[in-house]
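Counting starts at 1 for both ligands and their atoms, following the listed order. Quantities reported herein were computed from a predicted structural model and do not represent experimental measurements. All residue numbers in this chain count up from 1 along the given sequence.
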Amino acid sequence: MVDSENSITTDLRPRLHFTAPENWINDPNGLIYYGGVYHLFYQHNPKATHWGPMHWGHATTTDGLHFIHQPIALAPSQAYDADTEGGCFSGTAVEDAGLLKVVYTGSTYQDGHLRQVQCLATSADGVHFDKYDRNPVLEGQPPGCTEHFRDPKVWRHEDAWYMLLGTQIDDQGAVVLYKSAHLTDWVYIGIAAQSDGSQGSMWECPDFFSMDGKDVLMFSPIGLPDRQTTYLIGHLDYTSGAFTAEITGQVDYGLDFYAPQTLEDSAGRRVVVAWMNGWDWMPWFRGYGPVQAQGWCGCMSLPRVLTLGADKHLRFAPVETLRANRKPVLTVDPAMTRTLVPNELCSVPAPTMGTFEVVVSYAIGQGDAQEVGLRLSLADSADPVLIFAFSTTLQALQLLRVHSETDRVLRTIPYVPTDVHLTFRLVIDVSTVELFVDDGVVTMSCVLPGVVNRHAVDLYSVGGRVTVASLEVYDLA
Ligand code: FRU
């Protein structure tokens with residue numbers, strides 16, 4: 001799609017971030033390496049560009065960047081999962097005796113009440129699924145939990161299957177743990193974790209894995225500003241069900257990152273993918289019109305590899321295949337570095353295709369700048385729509401998204417750099433932006449209602465000078 005007057009592309013669809021062939025998507029579901037490929041299932045309304053009866057869309061990939069669309073895996077069809085306001089909700093895929101099995105939530109309204117039950121479906125070829133004829137495999141929630149009871153995360157531990165479900169207890173988010181021998185007979189163990197009163201009114205899409213001797217629990221709280229998808233690092237007691245948290249962190253600090261789910265890749269690494277949008281992309285909520293007008297809505301984040309940092313928090317790095325895919329456009333080595341004077345804008349030369357990576361290091365330990373950062377604007381305007389900054393005065397990272405004079409969002413995240421250099425790695429894919437700060441200590445993901453202008457990624461400093469210690473630009477298209 002090209003706007004002939006300005007000869008700029010107006011097609012908002014990212015190239016490396018997964019999008020459905022058409023229409024609405026939300027959460028990633030059932031991420032798994034099975035049969036020699038990675039499977040991405042996803043919440044999908046195949047009939048409209050907004051949320052509706054939920055299906056499981058399906059795609060496969062070998063590199064996390066290029067996808068092959070597969071037939072829809074699950075469609076609402078039974079009394080327990082067919083409803084115009086419900087459907088086949090989020091869940092997990094596991095391999096069991098060579099078969100691919102998915103556990104998902106059937107969501108319906110019956111007699112005016114929300115009914116969320118857990119269901120099983122099986123596939124021998126990884127593409128076609130049969131729903132278990134004795135579904136649901138779990139019906140009715142533990143005492144104290146409301147009817148919000150969904151998004152099974154299932155995994156194998158020792159000689160049994162375990163399942164976490166997102167729910168609500170006393171108006172607070174919670175996750176509860178179950179155990180089963182065959183995926184069909186679930187026994188309640190106990191409450192794994194519960195909000196302390198400040199962590200949201202319901203917890204959606206739990207995820208769970210172990211890493212370096214620790215257990216990690218992730219969830220997406222409802223009712224917090226700015227979608228603060230959370231992780232806890234600690235220990236799960238499989239007998240009582242209780243998760244003891246030692247560390248609490250946020251998976252991403254951007255404005256478009258929700259319902260993250262993980263898988264173990266073929267090399268044993270833990271990889272996370274999230275829905276890189278949010279509920280405000282529903283047309284009647286905020287209505288980011290341009291995308292829907294192009295017949296689709298929603299994309300997934302790039303897959304990110306998780307590791308544990310020295311500070312015992314999670315680190316996030318884009319999958320390695322991204323590096324293999326990139327072609328250098330510009331490298332400014334340290335001998336040629338330059339100093340930005342206050343309020344000067346230094347434009348980054350970007351490739352034409354609008355899918356590129358910028359890695360900039362600021363020598364924050366040396367200059368006297370009060371703020372350093374990057375500004376991005378859209379193809380049709382020079383005004384910045386997105387600013388990523390580090391304020392030396394506040395010792396904080398800042399994200400400012402300006403869609404219009406009345407639609408401005410500012411986020412401030414306390415941040416103390418541990419190095420004299422502060423590095424921003426930015427992956428820009430047409431209308432999506434993912435920022436990785438200092439090797440993924442902090443990440444911020446945002447989707448813009450336009451195409452990022454290739455002439456308008458600017459480096460800047462405020463209140464003093466800063467030296468750009470290095471700058472690299474890569475073409476990813
Ligand atoms: C999270 C969520 C899940 C639910 C699904 C429905 O975004 O609300 O809790 O299973 O979306 O599409």
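Of the protein's non-hydrogen atoms, the one nearest atom 8 (O) of ligand 1 is Glu204 OE2, 2.6 Å.
Using a cutoff of 4.0 Å between basic side-chain nitrogens and carboxylate oxygens, Lys214 and Glu246 are scored as salt-bridged. With respect to Arg304 and Glu434, a salt bridge is recorded, a charged nitrogen being found less than 4.0 Å from a carboxylate O.
When every heavy atom of Ser123 is checked against every heavy atom of His128, the shortest pair comes out as OG-O, 2.8 Å. The shortest heavy-atom contact between Leu99 and Ala124 is CD2-CA, 3.8 Å. When all heavy atoms are compared, the tightest approach of Thr61 to Gly64 is OG1-N, 2.9 Å.
Heavy atoms of Thr105 found under 4.0 angstrom from ligand 1: none, in either backbone or side chain.
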Would Arg15 and Asp11 satisfy salt bridge (Lys or Arg N to Asp or Glu O under 4.0 Å), going step by step from the backbone distance to the final call?
CA-CA 10 Å; Arg15 295 186 183 86; Asp11 187 348; over 6 Å; no

Run Leu100 and Ile32 through side chain to side chain contact (heavy atoms under 4.5 Å, CB included) and show every step you take.
CA-CA 9 Å; Leu100 185 58; Ile32 191 166; 3.8 Å; yes

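In the vicinity of Met54, heavy-atom distances shorter than 4.0 Å reach the ligand 1 atoms 12 (O). Close contacts of ligand 1 with Asn26, meaning ligand atoms under 4.0 Å from a residue heavy atom, involve 5 (C), 6 (C), 11 (O), 12 (O). Heavy-atom contacts of Tyr258 reach the following atoms of ligand 1: 1 (C), 7 (O) (cutoff under 4.0 Å). Atoms of ligand 1 lying under 4.0 Å from any heavy atom of Asp151, numbered from 1 in the order shown and given with element: 3 (C), 4 (C), 9 (O), 10 (O). Distances below 4.0 Å separate heavy atoms of Gln43 from the following atoms of ligand 1: 5 (C), 6 (C), 12 (O).
For Ser90, a nitrogen or oxygen atom sits less than 3.5 Å from a nitrogen or oxygen atom of ligand 1, counting backbone and side chain alike.
The residue among Asn29, Asn277, Asp27 with a heavy atom at the shortest distance from atom 7 (O) of ligand 1 is Asp27.
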